[in-house]
**Student:** 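Have a look at this one before I ask anything.
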Amino acid sequence: MPPSDSYPVPASGGPRVSDLARVRGAEPDYLDGLNPEQRAAVEATEGPVLVLAGAGTGKTRVLTTRLAHILATGKARPWELLVVTFTNKAAREMRERITAIIGPQAEGLRWLGTFHSIAAQILRRHAELVGLKSNYTILDTDDQERLLKQVLEAENVDAKRWPPKALAGLIDHWKNRGWTPDRLPASENAQFANGRGQALYRLYQERLRILNACDFGDLLLHNLTIFTSSPDVLAEYHDRFRYLLVDEYQDTNVAQYLWLRLLAQKRQNVCCVGDDDQSIYGWRGAEVDNILRFERDFPGAKVIRLERNYRSTSHILAAASGLIASNKSRLGKTLWTEAEGGEKVIVRGVWDGEAESRLIADEIERAKKAGRRYRDMAILVRASFQMRAFEDRFILLQIPYVVIGGPRFFERAEIRDAVAYLRLIYSPDDDLAFERIVNTPKRGIGETTVQKLLQVARVNGVSGSTAAREIVRTDELAARTRTSLSNFLRDLDRWRAEAGRLHHARLMETVLEESGYTDALRLDRSPQAQTRLENLKELVGAMSQYETLEAFLEHVALVLDLDRESGDDRVQIMTLHQAKGLEFPLVFLPGWEEGVFPSQRSIDETGEKGLEEERRLAYVGLTRAREEARVSFAANRQVYGRWTSQMPSRFVDELPLANVEASSETGYYGGGPGMQQHGSRWDESPSFGAGYSSPGWRRAQASNYKGSHPGRQQVIEGEGRLVAVSEPAASAYSRGDRVFHVKFGYGQVTAIEGNKLTVNFEKAGEKKVIDSFVEKA
DNA sequence: ATATACTGCTTTTTT
DNA sequence: AGCAGTATAT
């Protein structure tokens, strides 16, 4: 439910939370079951507090209880609390959990939200101070890039050499650091288009102001400008916010940090909760330093460590702790648990990515048979290209799965188009919206016409739609184009007139019908068209939940999130980043190979710092597991279509041996030569990439293996030799009428007769005859 | 105005 | 390899 724009009136009548606490006596029951550290974090309400909350230590519980405590003890009323999270999901969860403790009074938590949504609300109230109107639009990245492209074109910057995307990234980076065009350090200027970065940044900001728009970064940046230039406004918020609470503090960037510091400076009642070991967003501006220097910034700050873990078994916890201990820049915590024992972290080497997906899929089936639910299992990958192998395999085996992430609902083209129609109806001068839909669906207004319109608009200093209005009165356009354009303008006027009368959801439907948008999709035979129509239906449904069109538009940009994870029983596939904050009984961590994880790019770009962040990512991955964690790596992997030889990740070596177990099936089930465990290390052999040292074993070259796909071919060297055998020779079993489950492994050639080859798989105790193979070159 | 060929890129992602 | 965005042909 969107928050109302006015302040809620304090509930009169009925018991207040503070009364309830008093009735219950000195020991309110919301404190029940907290451990001493948690309790300290809840009760230390005055002054700056930093809560270092390790993974699985009950952070959210502490946060919500602390809020309840502040309210119950009458120190503040709900609308006097500023509670900031990073994601809408976190905000939603927090609201739900507080409601569970204090009941309907939680609705008064008007200032609970993401940094961006709170900053957007503040900006709406003081927009004029930064040259905007209160009804400014918030541009998404797509709009932002299109706008930048225009700026670059107008400035004759070669968009090929200097892509708008890159500038968008830079500007975002600058805004994250709190730099307005005027305050941009000289060194940053050189980063783009031979020292024109600053000028282009300034022009872009100018265009935004004219469009009465701002991008995500601006929300915070404008807030900073307002607070620093208008002390009276800042003072107003000092009065209002008695207590500040910040979740995931390790992920704050400089702008967010400055914003917080400004708001906290008077009362100093700021509580930041975070975990330096889970800072994984450095690449988008998060500063671990913010958490590392908290005590310096807020003198007298109390630091409370939550170190008792309630989530994982001791082996998992020890493995993760051992790994993260290799990081230098950390505050240091020692997590412990009473859940002793459990399974060790299983680590396995496999032949290639396909073998890895087979292995994991098999284990999932086994776990399912043993009574685990699919939804209790997750595959956490470093990068999304790794997901496909699993999807392919799961489809084949009919294992239900869901990929978390992917394109967000309101980032889809059809949703943006629909919203652009509304934006144009709502604010006729929204040029970006105009440009987007003037020929969507196709109505015979081509690129040339649009360019001409925009040029006229620019020359006359008016908006695109105003220019269009002028131009249809002249004979500058071909008759046909002119008719389509004036029809379009007429439609717009009509919708605008209807906007007042119709409910906005109804208006949306009308617009989609009358513009021909839905018709165009219905005629579209492509498989996506159906989904798109459904998405639009969903959009209309979502719209009806909002009071006004304005409220809806605000939420489209900042909050709308229709991609609810399904509660279905499905294996979850997601990136490690997406897994933060979640937990699963059984977690698979594939692709632990140098270059993949840790990502080569991360190391190349940020060196040791990047490596440490990758390690934190590994830590996050392991600590998602409650009962079982399984790490795997492949000897060969296809990356962007190329076969590459892989080395096991250094993170594998960093796992303490005492908490790790190598697969018993190594050697048959992948875990090829060169990947056996030698003493304390995996593969001491320096020749891992090219060959291996185990006697009698020969590693198939990746190039040969590549040649064997998608087929049924093997790498053969002669009788008595061990060979790598690919599908479906090694073993196969059928389900119903199809033979589809294929294993891959190593075996010894016992006989070669013409085109037939007998291979003995000792470890599996199987003997197979192979009738199609190629000699190794 | 639209169909087709060609080129270059490719981590992580929220708002 | 696969895709998106752009240049070129129809």
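Residue numbering restarts at 1 for every chain, and letters A, B, ... go by the order of the sequence lines. What you are looking at is a predicted structure, and each value in this text was computed from that prediction instead of being measured.
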**Student:** Salt-bridged, R146(A) to D143(A), with N to O below 4.0 Å?
**Tutor:**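 Yes.
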
**Student:** Just the rounded figure in Å: distance from P of dT12(B) to CH2 of W283(A).
**Tutor:**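 Distance, rounded to whole Å: 8 Å.
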
**Student:** Should K149(A) be listed as having a side-chain N or O under 4.0 Å from OP1 or OP2 of dT6(C)?
**Tutor:**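 So the side-chain polar atoms of K149(A) do come within 4.0 Å of the phosphate oxygens OP1 or OP2 of dT6(C), strictly under.
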
**Student:** In whole angstroms, how far is the C1' atom of dG2(C) from the CE atom of M387(A)?
**Tutor:**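 Computing the M387(A):CE to dG2(C):C1' distance gives 17 Å.
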
**Student:** Quick one: is T575(A) getting a side-chain N or O under 4.0 Å of the dT13(B) phosphate, OP1 or OP2?
**Tutor:**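 It does, given that an N or O in the side chain of T575(A) lies less than 4.0 Å from OP1 or OP2 of dT13(B).
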
**Student:** Closest approach of M387(A) and T575(A), non-hydrogen atoms and distance?
**Tutor:**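 Smallest heavy-atom distance, with atoms named: CE-N, 3.7 Å.
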
**Student:** Find which nucleotide of DNA chain B each of M574(A) and G444(A) is nearest to by heavy atoms, and output the residue with the more 5' nucleotide.
**Tutor:**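 The residue whose closest nucleotide sits nearer the 5' end is G444(A).
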
**Student:** What is the separation between atom CZ on F385(A) and atom C1' on dC9(B), rounded to the nearest whole Å?
**Tutor:**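 Going from F385(A) (CZ) to dC9(B) (C1'), I get 14 Å.
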
**Student:** Taking the ring of Y257(A) and the ring of W259(A), is the distance between their centroids below 6.0 Å?
**Tutor:**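 That pair fails the under 6.0 Å test.
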
**Student:** Measure from the side-chain heavy atoms of S599(A) and tell me the nearest of dT15(B), dT11(B), dT13(B).
**Tutor:**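 The nucleotide sitting nearest to the side chain is dT11(B).
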
**Student:** Please pick, from dT11(B), dT13(B), dT12(B), the nucleotide with the shortest atom-to-atom distance to any side-chain atom of S384(A).
**Tutor:**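 Comparing dT11(B), dT13(B), dT12(B) against the side chain of S384(A), the answer is dT12(B).
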
**Student:** If you measure from the ring centre of F86(A) to the centre of the six-membered ring in the base of dT15(B), is it under 5.5 Å, with the planes under 30° apart?
**Tutor:**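 Not stacked by the 5.5 Å and 30° rule.
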
**Student:** For H126(A) and Y237(A), I'd like to know if the aromatic rings sit close, meaning centre-to-centre distance below 6.0 Å.
**Tutor:**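 Ring centroids of H126(A) and Y237(A) are less than 6.0 Å from each other.
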
**Student:** Counting side-chain heavy atoms from CB outward, which of dT12(B), dT11(B), dT15(B) is closest to H116(A)?
**Tutor:**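 Looking only at heavy atoms from C-beta outward on H116(A), the closest nucleotide is dT15(B).
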
**Student:** By nearest atom, which of the nucleotides dT2(B), dT11(B), dG2(C) is closest to the K442(A) side chain?
**Tutor:**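 In terms of side-chain proximity for K442(A), the closest of dT2(B), dT11(B), dG2(C) is dT2(B).
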
**Student:** Using only side-chain N and O atoms of N88(A), determine if any of them is under 4.0 Å from OP1 or OP2 of dT14(B).
**Tutor:**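 Result: no.
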
**Student:** Please determine whether side-chain contact (heavy atoms from CB on, under 4.5 Å) holds for the pair L422(A) and M543(A), giving the CA-CA distance in whole Å, both sets of side-chain angles, and the decisive distance to 0.1 Å.
**Tutor:** CA-CA 11 Å; L422(A) 293 181; M543(A) 282 180 76; 3.5 Å; yes

**Student:** Just the rounded figure in Å: distance from C1' of dT13(B) to CD of Q256(A).
**Tutor:**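 Checked: the CD to C1' distance equals 13 Å.
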
**Student:** So what does E613(A) hit on the nucleic acid, given a heavy-atom distance under 4.0 Å: a base, only sugar-phosphate, or nothing?
**Tutor:**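 The answer is nothing, as E613(A) stays clear of every strand by at least 4.0 Å.
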
**Student:** Give a yes/no on whether any side-chain N or O of R601(A) is located under 4.0 angstrom from OP1 or OP2 of dT11(B).
**Tutor:**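 Affirmative; the distance criterion is met.
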
**Student:** Hey, does R388(A) reach any base, or is it just sugar-phosphate, or nothing, if we go heavy atoms under 4.0 Å?
**Tutor:**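 R388(A): backbone/sugar contact only, no base atoms under 4.0 Å.
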
**Student:** Please give, in whole Å, the distance from dT14(B) C1' to D142(A) CG?
**Tutor:**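 Rounded to the whole Å, the gap is 16 Å.
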
**Student:** Under 4.0 Å between any heavy atoms, over every strand shown, what does E605(A) touch: base, sugar-phosphate, or nothing? Just pick one.
**Tutor:**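 It contacts base atoms.
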
**Student:** Closest nucleotide of DNA chain B for S117(A) versus for R382(A): which of these residues is on the 5' side?
**Tutor:**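 On the 5' side of the pair lies R382(A).
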
**Student:** Nearest-Å distance, NZ (K175(A)) to C1' (dT15(B))?
**Tutor:**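 The answer, rounded to whole Å, is 13 Å.
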
**Student:** Round to the nearest Å and state the distance from K165(A) atom NZ to dT13(B) atom P.
**Tutor:**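 Going from NZ in K165(A) over to P in dT13(B) covers 14 Å.
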
**Student:** Stepwise, does the side-chain contact (heavy atoms from CB on, under 4.5 Å) test hold for L147(A) with L211(A)?
**Tutor:** CA-CA 10 Å; L147(A) 188 56; L211(A) 286 166; 3.7 Å; yes

**Student:** Should Q638(A) be listed as having a side-chain N or O under 4.0 Å from OP1 or OP2 of dA1(C)?
**Tutor:**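 Checking dA1(C) against Q638(A), no side-chain N or O comes under 4.0 Å of OP1 or OP2.
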
**Student:** D251(A) CG to dT15(B) C1': how many Å, rounded?
**Tutor:**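 My rounded result for the distance is 13 Å.
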
